[in-house]
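Order of listing sets the numbers, starting from 1, for every ligand and every atom in it.
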Amino acid sequence: MKINSIELNNFRNISSIKLEATDGVNVIYGENAQGKTNILEAIWLFTGCKSFRGAKDPEFIKFGEEIAKINLSFSDNVRDKKSEIVFGNKKKNVSLNGISLRSSAELIGSFYGVIFSPAHLSLIKDGPSERRKFLDTALCQLKPSYAEHLAGYRRSLMQRNALLKDIHLNSQLYDMLDSWDESLARYSAAVISERLKYIDILSQYSKEIYSGISEYKEDFSVAYSRKDITDINISVHDLYLNELEKIKEAKKEDILMRSTTVGPHRDDLDIKINNVSARSFGSQGQQRSCALALKLGESEIIKKITGETPVALLDDVMSELDEKRQDYVLNHINDRQVFLTCCDPSQVLRLCTGKSFLIKGGKLI
Ligand code: ATP
Ligand code: MG
C-alpha cells in the first residue's frame, strides 16, 4: 500500500496543501500546533475508521468555512486508486474512484493504515474501554462483518438495558427479558469469537516485536481476559451457550443494577511484562514499548490477512524513544511507506533517508 499524494482543503487549520509522497519515510516536521497531526488524521480517515482523536465530522471543517475536502491518491498491490471525502455542514460525501459511497465505512478494505500516537499509551495506562476500543477498531478495519456484529451487539445491549430500567416500573416486562438475552448472547458470541482469534495471532506477533524492542531481555504477553473461556478455539455455538448461561446467572444483579453486567462490553485484555501487569507495574518506557508492540503487531496482522502492507502513521513517536528503540522501530518498518511527524527532523533523518515536509501555520513551506 502506497500513498502517491494527499491534498487537503479547509481541513482543520489547513487552507490548502498538497503533499507528493515518497515510497519510504515521509517526515512531516515543524513547531507545535502547526498542523502536522492534522495531516496524519486526514490520511487516517481514508481507512474508513473514525478519527483516532475521537473527533466528529464538523470539527474537521476549518473555522469560518462551510466545507472541507480531502483527496488521497494511492496504490495497492493491483492498481492506482483515488478517494475523496467532502465534509459539509450536515452531510459528508465519500467517493472511491469517482463512485459515490454511502458512508466512510464503505472505504474499509480499500486503504490500509496503522496509526501510532502518544495517545496510544492509554492502551496500557487507562481502563479497559481503551483496550476494547483498540481491539474493535483493529477488527473493524479488517472485517466489515465484525462491525455489523458489534453494531448488533450494541443495539441489543441498549434495548436490554432500557428494559432493565423499565422493569422497576412495570414487572410484567420481566418475561420480555428472555428474548433480549438470546439476541444479546448471539451477538456476544460472534464478537467474542472474532476477538479471541485476533488476540491469538496478535499475541504471537507482539511478543516477538516486544522481545526485539527490549533486546530480548523481557517477556511480553497479551490475552483476552475471560477466565470462563479456556479453549480459544471454542465454536461460536458453544460461545453462545456460554454467554447465555452467564447472562442468565447475572440476571438478578442486572435487574438490581438496572444494566447488563456481563458481556464483551465489560471484557478486557491482560497485558503483562515478565508475567506481571504492565498497567500496574510497568515503567514508563516499558508501557510505551508495550503499546508500540501492540500497534506494530496490528500492522503485521493486516499484512498477513490482506496481503497489503499498511502505511505506518507515526505521530510524534520518536521523541519518546531512546536511540536504540528509534532504530528498532525504523528497521522494523523499513519495508513500507511511513508518515512520521516530529518537531526536529534531524533526529529521524540520521537513522534513515526520506523526504521531509516543513509545516508552518497550516502551510507547506
Ligand atoms: P504538536 O507538535 O503540538 O503536536 P501539530 O503540528 O501536530 O502540533 P495539530 O494537532 O495538527 O498540531 O493542530 C494544529 C492546529 O490546528 C491547532 O492549533 C488547532 O487549534 C488547529 N485546529 C484544529 N481544528 C481546527 C479547525 N477546525 N479549524 C481551524 N483550526 C483548527
Ligand atoms: Mg501533533
Q) Does the side chain of L123 reach to within under 4.5 Å of the side chain of R131, using non-hydrogen atoms? A) yes
Among all the protein's non-hydrogen atoms, which is closest to [atom], and how far away is it?
atom                    : answer
atom 8 (O) of ligand 1  : A33 N, 2.7 Å
atom 4 (O) of ligand 1  : T37 OG1, 3.9 Å
atom 28 (N) of ligand 1 : F63 N, 3.0 Å
atom 10 (O) of ligand 1 : R53 NH2, 2.5 Å
atom 3 (O) of ligand 1  : N32 ND2, 3.2 Å
atom 21 (C) of ligand 1 : N13 CB, 3.9 Å
atom 13 (O) of ligand 1 : N38 ND2, 3.4 Å
atom 25 (C) of ligand 1 : R12 CA, 3.6 Å

Q: Identify which protein N/O/S atoms are less than 2.8 Å from the Mg ion (ligand 2).
A: T37 OG1
Q | Region of E59 engaging ligand 1 - heavy atom pairs below 4.0 Å | A | backbone
Q | Part of I61 with heavy atoms under 4.0 Å of ligand 1, whether side chain, backbone, both or neither | A | backbone
Could you tell me whether [X] and [Y] have a side-chain N and a carboxylate O separated by less than 4.0 Å?
X    : Y    : result
K355 : D23  : no
E308 : K303 : no
D268 : R132 : no

Q: Walk me through it: do F111 and F46 pass the test ring pair (Phe, Tyr, Trp, His ring centres under 6.0 Å)?
A: CA-CA 6 Å; F111 172 73; F46 287 97; 7.1 Å; no
Q.
Side chains of N93 and K91: any donor to acceptor distance under 3.5 Å?
A. yes
Q: Indicate whether the side chain of Y146 and that of R195 have a donor and an acceptor atom separated by less than 3.5 Å.
A: yes
Q.
If I apply the N/O under 3.5 Å rule, does C343 come out as touching ligand 1?
A. no
Q) Is there a heavy atom of G35 sitting under 4.0 angstrom from any atom of ligand 1? A) yes
